[in-house]
2 protein chains.
Amino acid sequence: MENTTTPDDQYFEHHAFVHKRLSTENHRYTTGRHRLVDALAESAQPLTLPEIVEIAPDLAASSVYRNLEVLERCGVVNRITSGGGHAHFELAEPLLSHHHHLVCVSCGTIEDVRLDDELEALLDQNLNLLADRASFKPLHHSLDLHGHCAECEDPA
Amino acid sequence: MENTTTPDDQYFEHHAFVHKRLSTENHRYTTGRHRLVDALAESAQPLTLPEIVEIAPDLAASSVYRNLEVLERCGVVNRITSGGGHAHFELAEPLLSHHHHLVCVSCGTIEDVRLDDELEALLDQNLNLLADRASFKPLHHSLDLHGHCAECEDPA
DNA sequence: CTCTGAATGAGACTCATTATCAAAACTGAG
DNA sequence: CTCAGTTTTGATAATGAGTCTCATTCAGAG
């Protein structure tokens, strides 16, 4: 009897989670949406629309856009708008652990990085203080480091 | 004999700085650009293009866009793209001290907030460490708190 | 199986931003 | 001051990421 979670378990948990989130808003977890979530889950980095369509060429661009919108509203997907060009999309917090981004200003790719838990807690505490002072009701924070990725800096 | 800087001094210092930045790239500090910088300097918050044009109606939208681009390349202006709708623009770091943003997800306004120096230093240190580990050459970081502003949360 | 509302996909459309280009303004040399 | 060579301007056209439309298809309840 297993009491550790295998990758397969995780896979089904993810989809169960998405299914629940969608159905509570009267949305269906269709094949297309399933494929979209798979594409995002299998990628190491946040993806743009063209990248998603390249990975899953059977998905129609207009449907992908619509479904990203639906999934975003349901808290399954995060949209990252780091300026010029396409937005990037990734799975949201419960599916992907809290993290931040290294944004390459020259090629536009985005890499995930995780901050020390202690620092993250300290940061959250201070941000909540600031927000409170401004009567601002915080939902989430985003911390991006902009610069040049290894590839662009030193094209081997 | 004064040895403290007055608001007027600051005003001229700002413009001297912009002038220098522009001229090192063979650009002129024209009246239109001067007005644009004034509009940004006089505002408490980062502005969108329609807001800039409303403040300074004699500026042509196409010129403002072009000049924001020029000023951005010269490191005088920062562009903030927080998703849907217009981008926001503010003066860059040497003219405005380092700060972060409270982004209202419902009305889109952006407010500036400053973090404790100590925390900021700690954050920078950790980010540099992460960047180094990924062979990423950092330029600057951005930390935005997304949520609902006082006005949207509680429309008096 | 049937029925109903949700989802799909191709294409039209929006609209923030960028590019174009002729006219105007500025700069430095003579 | 004037001329030549730039840069800037501003109205307008073009771009393009993202959204909307709508007829068709599909999923799930009964």
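Just so it is clear, the values below take in all heavy atoms, side chains as well, and ignore hydrogens, waters and symmetry mates. The structure displayed is predicted, hence computed values, not measured ones. Letters A, B, ... are given to chains in the order of the sequence lines, protein chains preceding strands, and every chain is numbered from 1.
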A:His27 vs C:dA6: side-chain N/O to OP1/OP2 distance below 4.0 Å: no
Distance below 4.0 Å between A:Ser62 side-chain N/O and C:dA10 OP1 or OP2: no
Pair B:Glu69 + B:Arg73, salt bridge at N-O below 4.0 Å: yes
For atom CG of B:Leu59 and atom P of D:dG10, their distance in whole Å: 8 Å
Euclidean distance, atom CG of residue B:Leu71 to atom P of D:dT8 [Å, nearest integer]: 11 Å
A:Ser63 side chain, from C-beta outward: closest of D:dA17, C:dT8, C:dA19: C:dT8
DNA chain C: 5'-proximal contact among B:Phe89 and B:Thr30 (nearest heavy atom): B:Phe89
is_close_aromatic(B:His98, B:His141), centroid dist under 6.0 Å: yes
Residue-level proximity of residues 50-57 of chain B to DNA chain D when a heavy atom falls under 4.0 Å: none
Identified side chain to side chain donor-acceptor pair (under 3.5 Å) partner of B:Arg79 from the options B:His88, B:Glu90, B:Glu72: B:Glu72
Donor-acceptor pair under 3.5 Å, A:Arg66 side chain vs C:dG9 base: yes
Under-4.0 Å side-chain N/O to phosphate OP1/OP2 contact, B:Tyr65 with C:dT17: yes
Nearest-Å distance for atom pair OH/P, residues A:Tyr29 and D:dG28: 13 Å
Proximity to the side chain of B:Ala60 - top-ranked nucleotide from D:dG10, D:dC20, C:dT17: D:dG10
Other ILVMFWY residues reachable from B:Ile80 by side-chain steps of under 4.5 Å: B:Val103, B:Ile110
Atom pair distance, as rounded to whole Å: CG in A:Asn26 and C1' in C:dA7: 14 Å
Spacing of A:His19 atom NE2 relative to D:dA27 atom P, expressed in whole Å: 12 Å
Salt-bridge criterion met for B:Lys137 and A:Glu153 (N-O under 4.0 Å): no
Those residues that, when tested against B:His86, pass side chain to side chain donor-acceptor pair (under 3.5 Å) (two or more places apart): none
Distance in angstrom units between B:Asn67 CG and C:dT17 P, rounded: 15 Å
A:Arg73 CZ - D:dG18 P separation (whole Å): 16 Å
Geometric class of the A:Tyr29/A:His15 ring pair [parallel <30°, tilted 30-60°, perpendicular >60°]: tilted
Value in whole Å for how far the C1' atom of D:dT8 lies from CZ of B:Arg33: 7 Å
N/O (side chain, A:Arg28) to phosphate O (OP1/OP2, D:dC26) under 4.0 Å: no
Sugar-phosphate, base or nothing in reach of A:Ala87, heavy atoms under 4.0 Å: sugar-phosphate
